[in-house]
Amino acid sequence: MNILVVLAVVAVFGLLRFRRANLLLWAGAWWVGIYVLLRFGFTAPIPASVVSLYMGIISIGILAYVSSSQERREDISRPLIRLMTEKRYTALLAAAVVSIPALAAANVYVQMNVPLQPPLFSRTVHPASPPEITVHDKKIDLDGENPFRHLETSNPAEFRTHAENGRRVFYQNCVFCHGDNLSGNGMFVHGLDPIPTNFADPGTIPMLRETFLFWRISKGGPGLPEEGGPWASAMPAWEKLLKEEEIWDAILFLYDYTGTRPRAKEEAAKK
């Protein structure tokens with residue numbers, strides 16, 4: 001969390017509480033405060049599409065609250081009626097009438113004219129993985145292999161069980177960004193930079209070892225080395241949400257679904 005942003009929002013709420021602000025001001029403050037927390041309050045960036053989704057829910061919730069009783073409806077409408085009827089607020093009303101559509105138009109213009117800029121410094125699409133990582137207090141040798149890959153030949157039934165568990169893990173957690181067909185076209189893709197990996201592309205995961213994928217999935221965007229920047233990847237550190245076995249199973253599913261094979265250790269050594 002960005003503590004400074006959180007403290008600033010809390011301070012504003014405290015000031016409004018002290019000043020006994022009316023319900024309309026409180027409703028606006030809650031909307032703006034939650035937006036600021038979602039947009040700037042987290043160290044790992046939240047995709048714009050996710051922020052829009054949450055703000056839509058927040059807007060509906062606030063609207064339902066302020067209209068839930070006659071007293072609240074009157075508290076909301078009273079300052080608005082005064083703004084539109086009292087002469088002393090004429091200038092403020094005119095400013096609001098002009099500024100609201102102007103700000104909306106400016107936002108559309110800015111969104112449509114974002115220039116494409118090169119990265120600030122050279123970056124590596126697939127940065128080199130460390131020799132080992134620690135996941136759930138366990139050392140994982142990234143020069144090793146997927147502990148369940150051997151089951152593909154030694155016990156196909158058990159291998160299928162792991163792959164199906166990987167399917168469950170993917171569609172419960174990863175589908176929103178990587179898409180239901182693993183092509184990197186999930187519902188949040190338009191708010192992400194970089195866009196999610198297209199696992200269906202034969203030039204992606206077949207070029208990587210399973211241990212590399214385990215590292216990237218478990219550590220996520222926060223675990224990228226400097227050479228992997230400056231993408232500010234929104235990929236979460238899945239080790240905080242998934243078990244080690246679930247990550248390995250999800251990797252088995254990626255290759256099984258796409259009909260590809262992971263890069264072999266011997267091939268990696270040669271190259």
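Minimum heavy-atom separation, Ser59 to Trp31: OG-NE1, 2.7 Å. Smallest separation of non-hydrogen atoms from Ile205 and Thr258: CD1-OG1, 3.9 Å. Scanning all heavy atoms of the two residues, the minimum distance from Leu151 to His162 falls at CD1-CD2, 3.6 Å. Of all heavy-atom pairs between Asn185 and Gly179, the closest is OD1-CA, 3.5 Å. Taking all atoms of both residues into account, the shortest heavy-atom contact from Ala200 to Asn181 is CB-O, 4.3 Å. Scanning all heavy atoms of the two residues, the minimum distance from Glu239 to Thr134 falls at OE1-O, 3.7 Å.
A salt bridge links Arg82 with Glu86: the closest approach of a Lys/Arg side-chain nitrogen to an acidic carboxylate oxygen falls below 4.0 angstrom. The pair Arg168-Glu164 fails the salt-bridge criterion, with no side-chain N (NZ, NE, NH1 or NH2) lying under 4.0 Å from an Asp/Glu carboxylate O. Ion pairing between a basic and an acidic side chain is recognised when a charged N comes within 4.0 Å of a carboxylate O; Arg263 and Glu210 show no such pairing. Ionic pairing of Asp249 and Arg167 is not present here: no N-O contact between side-chain nitrogen and carboxylate oxygen is shorter than 4.0 angstrom. The residues Glu245 and Lys243 are annotated as not salt-bridged, no charged nitrogen and carboxylate oxygen being separated by less than 4.0 angstrom.
Applying the 6.0 Å contact sphere to CZ of Phe159 captures more than 12 heavy atoms from other residues, nucleotides or ligands. Under a cut-off of 6.0 angstrom, the local environment of CD in Glu71 is sparse, with at most 12 non-hydrogen atoms contributed by other residues, nucleotides or ligands. Applying the 6.0 Å contact sphere to OH of Tyr54 captures no more than 12 heavy atoms from other residues, nucleotides or ligands. Annotation for Trp26: atom CH2 counts as buried by contact number, over 12 foreign heavy atoms lying within 6.0 Å. Around the CD1 atom of Ile195, the shell of radius 6.0 Å holds no more than 12 heavy atoms that belong to other residues, nucleotides or ligands.
In this structure the side chain of Tyr257 never reaches within 4.5 angstrom of the side chain of Phe199, judged on heavy atoms. In this structure the side chain of Arg261 reaches within 4.5 angstrom of the side chain of Glu152, judged on heavy atoms. Between Asp141 and Pro131, the closest side-chain pair of non-hydrogen atoms is not below 4.5 Å. Between Leu208 and Pro262, every side-chain heavy-atom pair lies at or beyond the 4.5 Å cut-off. Counting heavy atoms from C-beta outward, Trp215 and Ile247 have side chains that stay 4.5 Å or more apart. Residues Leu182 and Leu254 form a side-chain contact, since some pair of their non-hydrogen atoms from C-beta on lies under 4.5 Å apart. At a threshold of 4.5 Å between non-hydrogen side-chain atoms, the residues Thr211 and Glu145 do not count as touching. With contacts defined as side-chain heavy-atom distances shorter than 4.5 Å, the pair Trp248/Ile140 qualifies.
Note: Phe170 and Phe253 have tilted aromatic rings, judged against thresholds of 30 and 60 degrees for the angle between ring planes.
Met187 and Val51 fall within the same hydrophobic cluster, defined by Ile, Leu, Val, Met, Phe, Trp and Tyr side-chain heavy atoms under 4.5 Å apart, directly or through other members. Hydrophobic clustering (side-chain heavy atoms under 4.5 Å, transitive across Ile, Leu, Val, Met, Phe, Trp, Tyr) keeps Leu93 apart from Val98. Under the 4.5 Å side-chain contact rule for hydrophobic residues, Ile100 and Ile76 do not share a cluster. The same ILVMFWY cluster, assembled from side-chain heavy atoms under 4.5 Å apart, contains both Val36 and Val12.
Panel note: side chain His178, backbone Ser183; no donor-acceptor pair is recorded below 3.5 Å. In this structure a side-chain-to-backbone donor-acceptor pair under 3.5 Å is missing from Asn107 to Leu103. Side chain of Arg39 to backbone of Ile34: no donor-acceptor contact under 3.5 angstrom is found.
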Point to revise | From CA spacing to verdict: side-chain contact (heavy atoms from CB on, under 4.5 Å), Ile251, Asn146 | key: CA-CA 9 Å; Ile251 294 171; Asn146 188 324; 4.2 Å; yes

Exercise for review: Show your working on side-chain contact (heavy atoms from CB on, under 4.5 Å) between Ser218 and Trp238 and close with a plain yes or no.
Suggested key: CA-CA 5 Å; Ser218 61; Trp238 285 108; 5.9 Å; no

Exercise for review: Evaluate the side-chain contact (heavy atoms from CB on, under 4.5 Å) criterion for residues Leu23 and Tyr65: first the C-alpha distance (whole Å), next the side-chain angles of each, then the deciding distance (0.1 Å), finally the verdict.
Suggested key: CA-CA 10 Å; Leu23 184 59; Tyr65 176 79; 4.0 Å; yes

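With rounding to the nearest 0.5 Å, the separation of CZ in Arg72 from CG in Leu24 is 14.5 Å. Between atom CZ of residue Phe214 and atom CG of residue Leu142 there is a gap of 8.0 Å, rounded to the nearest 0.5 Å. Put simply, CE on Met207 and CG on Asp201 are 9.5 Å apart, with the number rounded to the nearest 0.5 Å.
Side-chain contact annotation: Ser69 with Arg73, donor-acceptor N/O pair under 3.5 Å absent.
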